[in-house]
Protein chains: 2
Amino acid sequence: MPKRRYVSPAVIRRLPRYHRFLGRLIENGVERISSKELSSMMNLTASQIRQDFNCFGEFGQQGYGYETKRLHNEIGEIMGLDRGFTAVLIGAGNLGKAFAKHIDFNAAGFTLEAVFDNSPEQIGMQISGLVIRDVSALEEFCSSRKIDTGILCLPGEAAAAMVTRMMSCGIKSFWNFTHEDISLISPDIIVENVHLTDGLMVLCYQLNDALKG
Amino acid sequence: MPKRRYVSPAVIRRLPRYHRFLGRLIENGVERISSKELSSMMNLTASQIRQDFNCFGEFGQQGYGYETKRLHNEIGEIMGLDRGFTAVLIGAGNLGKAFAKHIDFNAAGFTLEAVFDNSPEQIGMQISGLVIRDVSALEEFCSSRKIDTGILCLPGEAAAAMVTRMMSCGIKSFWNFTHEDISLISPDIIVENVHLTDGLMVLCYQLNDALKG
């Protein structure tokens with residue numbers, strides 16, 4: 001299948017959602033779905049969905065809809081979920097521990113290879129089958145393996161120095177749970193920021209808006 | 001200031017980010033900023049920013065830029081951050097505990113009023129100054145207070161029944177960390193879904209894309 005080079009960030013951000021919805025359809029035994037049906041499920045327009053899928057090639061057949069399994073696989077492939085990327089998590093506080101236990105890394109294309117912390121109370125503890133390692137051993141750990149991504153669950157004030165250190169270990173991409181803007185540290189850095197409270201603020205807006213009637 | 005009625009979801013989703021960036025500018029002593037400067041900081045176009053702010057009224061003056069404090073306050077007001085909304089959190093597992101401790105509810109316009117769980121091991125424990133309550137006391141708790149939002153950190157299979165129960169307590173909006181689609185439960189429900197792994201998948205896409213050169 002021919003793939004176009006430029007895909008807009010908005011389309012890229014919709015891919016995980018398509019993947020999720022298609023996965024559910026497959027679980028429910030749905031083999032084929034029209035862009036119209038998918039659009040009403042996903043609260044998008046049918047033409048939006050057709051446009052999105054057209055960015056990557058020809059997935060459906062006019063009048064026959066999309067094969068759910070094929071489309072699910074293709075979207076997974078486009079995202080590179082089968083590439084076996086690797087991640088390490090820095091900061092085994094409440095949030096880091098919760099993420100290490102709760103997040104389905106494999107489903108998102110990653111293996112969580114290690115968890116690091118600098119607190120003697122945490123180092124040596126087990127989490128999701130991984131021993132929490134001393135962050136002073138980060139360089140040694142990375143020297144023998146290719147690590148693609150750093151998951152930053154450490155205090156914000158320590159983030160910039162840690163990112164610089166991790167980049168010198170060859171780690172180029174970061175899933176950033178701190179509120180620090182690390183994107184300017186290097187032109188080569190790939191950053192996905194998570195601002196949990198943004199979602200809560202959107203909820204606040206909607207409640208406020210509903211009050212106005 | 002006159003406010004237009006319809007604001008697109010895309011604009012609403014950018015409001016928390018504007019609020020965050022403006023807050024940082026104020027912290028750094030910046031009193032005034034042009035849409036051009038703000039655009040390069042935020043990786044948006046200047047015309048996008050002007051259009052967004054125009055949805056709500058007239059914030060800036062041609063050639064003089066925006067007053068950071070005033071704009072920050074106005075956006076906060078538009079989102080209703082000063083309305084004093086209330087939330088309860090259901091599910092004091094790893095994730096629920098981490099969120100109760102880590103999230104700045106006040107900054108997002110909420111007070112976390114209570115945490116509920118059904119596990120005898122959790123009930124009675126303290127978290128962020130709140131005692132974890134028995135979820136069987138939810139109705140009683142809500143009968144004496146107005147609770148606006150439910151934060152769902154419970155197992156997905158229990159989500160739908162819990163939402164129905166919470167709605168009969170007068171709770172209409174939900175911050176949903178489960179993977180269940182609860183939006184169809186009622187036409188009146190307000191839902192903000194959090195799919196953490198979506199962000200990780202976007203990172204996967206970007207790593208995969210970078211590999212292709």
Side-chain angles (χ1 to χ4, degrees), chain A residues 5 7 9-10 12-13 15-17 19-20 24 41 43 78-81 83 85 87 93-99 101-105 107-110 148-149 151 172-175 177 179 181 183 190-211, chain B residues 5 7 9-10 12-13 15-17 19-20 24 41 43 78-81 83 85 87 93-99 101-105 107-110 148-149 151 172-175 179 181 183 190-212:
Chain A
R5 273 216 91 63
V7 184
I12 295 167
R13 294 207 164 270
L15 292 179
R17 200 161 164 250
H19 196 257
R20 191 150 31 88
R24 260 186 230 158
M41 275 177 63
N43 210 9
I78 286 162
M79 289 195 288
L81 300 184
R83 288 291 189 123
F85 293 119
N94 292 307
L95 209 61
K97 271 197 197 121
F99 291 154
K101 283 189 193 174
H102 178 87
I103 286 171
D104 189 346
F105 290 94
F110 287 88
D148 299 295
T149 296
I151 304 169
K172 270 193 288 200
S173 77
F174 296 89
W175 199 22
F177 285 89
H179 293 267
D181 185 6
S183 61
I190 298 173
V191 183
E192 182 67 19
N193 293 305
V194 186
H195 293 286
L196 285 172
T197 41
D198 282 12
L200 196 53
M201 285 189 183
V202 169
L203 206 54
C204 189
Y205 175 94
Q206 289 170 321
L207 282 168
N208 191 32
D209 200 51
L211 282 182
Chain B
R5 273 216 90 66
V7 183
I12 296 166
R13 296 209 161 268
L15 291 179
R17 201 161 162 249
H19 196 258
R20 191 149 32 85
R24 258 185 231 158
M41 274 178 64
N43 210 9
I78 287 162
M79 288 195 288
L81 300 184
R83 289 291 190 122
F85 293 119
N94 293 307
L95 210 61
K97 272 198 197 119
F99 291 154
K101 284 190 194 174
H102 177 87
I103 286 170
D104 188 347
F105 289 94
F110 287 88
D148 299 295
T149 297
I151 304 169
K172 270 193 289 200
S173 76
F174 296 89
W175 200 22
H179 293 267
D181 184 6
S183 61
I190 299 173
V191 183
E192 182 67 20
N193 292 306
V194 185
H195 293 288
L196 287 171
T197 41
D198 282 12
L200 196 54
M201 283 187 185
V202 169
L203 207 53
C204 188
Y205 175 93
Q206 289 169 322
L207 282 167
N208 190 32
D209 201 50
L211 281 182
K212 291 187 212 153

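Quick note on labels: first sequence line is chain A, next is B, and so on, each numbered from 1.
For the atom pair CG of A:Leu203 and CD1 of B:Ile12, the computed distance is 12.0 Å after rounding to the nearest 0.5 Å. Remark: A:Leu196 CG to B:Ile103 CD1 distance equals 5.0 Å, nearest 0.5 Å. Here the straight-line distance linking atom CD of B:Gln206 with atom NZ of A:Lys172 works out to 13.0 Å at 0.5 Å rounding. With rounding to the nearest 0.5 Å, the separation of CG in B:Leu211 from CG in A:Asp148 is 7.5 Å.
Proximity to chain A (any heavy atom under 4.5 Å) is restricted, for B:Arg83, to the side chain, taken from C-beta onward. Heavy-atom distances place the backbone of A:Ala107, and not its side chain, under 4.5 Å from chain B. Only the side chain of B:Leu15 comes within less than 4.5 Å of a heavy atom in chain A; its backbone stays farther off. For B:Lys101, the part sitting under 4.5 Å from any heavy atom of chain A is the side chain, from C-beta outward, and nothing else. Both the backbone and the side chain of B:Thr197 come within contact range of chain A, each with at least one heavy atom under 4.5 Å from a heavy atom of that chain.
In this structure, the side chains of A:Leu200 and B:Glu192 stay at 4.5 Å or more apart for every pair of heavy atoms.
The only option from B:Arg17, B:Arg13, B:Arg20 that meets the side-chain hydrogen bond (donor to acceptor under 3.5 Å, both in side chains) definition with A:Asp198 turns out to be B:Arg20.
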Item to complete: Walk me through it: do B:Tyr205 and A:Leu81 pass the test side chain to side chain contact (heavy atoms under 4.5 Å, CB included)?
Response: CA-CA 8 Å; B:Tyr205 175 93; A:Leu81 300 184; over 6 Å; no
Practice prompt. Before giving the answer on side chain to side chain contact (heavy atoms under 4.5 Å, CB included), spell out for B:Asn208 and A:Met79 the whole-Å C-alpha distance, their side-chain angles and the decisive distance to 0.1 Å.
Written response: CA-CA 7 Å; B:Asn208 190 32; A:Met79 289 195 288; over 6 Å; no
Item to complete: Please test A:Arg24 against B:Asp181 for side chain to side chain contact (heavy atoms under 4.5 Å, CB included), starting from the C-alpha separation and ending with a verdict.
Response: CA-CA 11 Å; A:Arg24 260 186 230 158; B:Asp181 184 6; 3.7 Å; yes
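Here the closest heavy-atom approach between residue B:Ala98 and residue A:Asn94 is recorded as CB-O, 3.6 Å. Across every non-hydrogen atom of A:Cys204 and B:Phe110, the tightest pair is CB-CE1, 3.7 Å.
Taking chain A as the reference chain and counting heavy-atom pairs below 4.5 Å, the highest number among B:Gly109, B:Gly93, B:Pro9, B:Ala108 is found for B:Ala108. Interface check for chain A: of the options B:Val194, B:Asn193, B:Ile190, the most heavy-atom pairs under 4.5 Å are formed by B:Ile190. Among the candidates B:Ala87, B:Gly96, B:Gly80, the residue making the largest number of heavy-atom pairs closer than 4.5 Å to chain A is B:Gly80.
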